[in-house]
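Report on one structure; see the data block that follows.
Keep in mind that the numbers below use all heavy atoms, side chains included, and drop hydrogens, waters and symmetry copies. For clarity, every value in this text was computed on a predicted model and none was experimentally measured. This chain uses plain numbering: 1 for the first residue, then up along the sequence.
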Amino acid sequence: GSGDGQGQILQRFPEKDWEDNPFPQGIELFCQPSGWQLFPERNPPTFFVAVLTDINSERHYCACFTFWEAVESPQPQSHARNGEGEEEEASSPLQPAQLFAPKSLVLVSRLDHAEVFRNSLGLIYTIYVDGLSVSLENVIGNLLTCTIPITGGAQ
């Protein structure tokens with residue numbers, strides 16, 4: 001009715017917590033501080049970085065990239081009845097209203113590199129929106145993997 005909803009985690013990497021870096025509980029609330037609401041128009045993507053501090057006073061940088069996806073809002077179509085009790089199609093049937101829901105990509109790191117976070121989340125967003133046939137697992141694995149050449153070795 002009101003268009004308000006709750007956030008839901010659809011996918012996460014890694015799938016299980018790492019011992020030294022657990023998954024932040026309640027991060028779906030953090031992504032949309034104003035609440036999860038539907039809007040009648042598509043908003044431009046947004047990006048922000050916030051710092052969460054854990055119980056050991058360690059900082060976790062949370063980069064959040066939010067974009068908007070179209071969702072159908074089911075509305076009953078109106079039908080008129082003629083004098084004999086038969087249904088007639090309305091001359092202009094109501095079309096379901098198009099609404100837009102927020103979807104967020106979040107990166108949590110102990111490192112403070114906002115531009116790298118923005119670029120990484122932007123790449124994931126582009127792959128998702130363009131429907132490229134690349135698995136997100138491979139993309140994320142490639143983003144997180146870094147090869148450091150040995151001194152004096154082959155490039």
Quick one: pull up OG in Ser109 and NE2 in His60 and give me the separation to the nearest 0.5 Å. 10.0 Å
Sequence neighbours excluded, the answer for side-chain contact (heavy atoms from CB on, under 4.5 Å) partners of Val116 is His113, Ser120
Check each of Asp112, Val51, Leu52 against Arg59 using the side chain to side chain contact (heavy atoms under 4.5 Å, CB included) test, and report the only one that passes. Val51
Tell me whether Leu107 shares a hydrophobic cluster with Val129, the cluster being built from Ile, Leu, Val, Met, Phe, Trp, Tyr side chains joined at under 4.5 Å. yes
Just wondering, do Phe65 and Ser104 contact through their side chains at under 4.5 Å, heavy atoms? no
For Gln37 against Pro102, the heavy-atom pair lying closest together: O-CD, 3.3 Å
Is Glu15 atom CD crowded by more than 12 heavy atoms from other residues, nucleotides or ligands, each under 6.0 Å away? no
Which distance, rounded to the nearest 0.5 Å, do you find between the CG of Leu123 and the CG of Leu143? 5.5 Å
What distance separates Leu105 CG from Thr66 OG1, expressed to the nearest 0.5 Å? 8.0 Å
Can a donor-acceptor pair be found, under 3.5 Å and without considering hydrogens, that links the side chain of Asn56 to the backbone of Glu58? no
4.5 Å side-chain heavy-atom contact, Pro40 and Phe100: no
Taking the six-membered ring where the residue is Trp, are the ring centres of Tyr128 and Phe67 under 6.0 Å apart? yes
Salt bridge check, Arg12 against Asp17: does any charged N sit closer than 4.0 Å to a carboxylate O? yes
Please report the interatomic distance CH2(Trp68) to CG(Asn43), rounded to the nearest 0.5 Å. 4.5 Å
Is Leu111 linked to Val108 within one hydrophobic cluster, defined over Ile, Leu, Val, Met, Phe, Trp and Tyr using a side-chain heavy-atom separation of less than 4.5 Å? no
Heavy-atom side-chain proximity of Leu121 to Phe47 below 4.5 angstrom: yes
Within a strict 4.5 Å, meaning less than it, do heavy atoms of the Ile9 and Gln11 side chains meet? no
Using atom types as modelled and distance alone, determine if a side-chain donor or acceptor of Trp36 lies under 3.5 Å from a backbone N or O of Cys31. no
With a 4.5 Å heavy-atom cut-off, do Lys103 and Leu10 have their side chains touching? yes
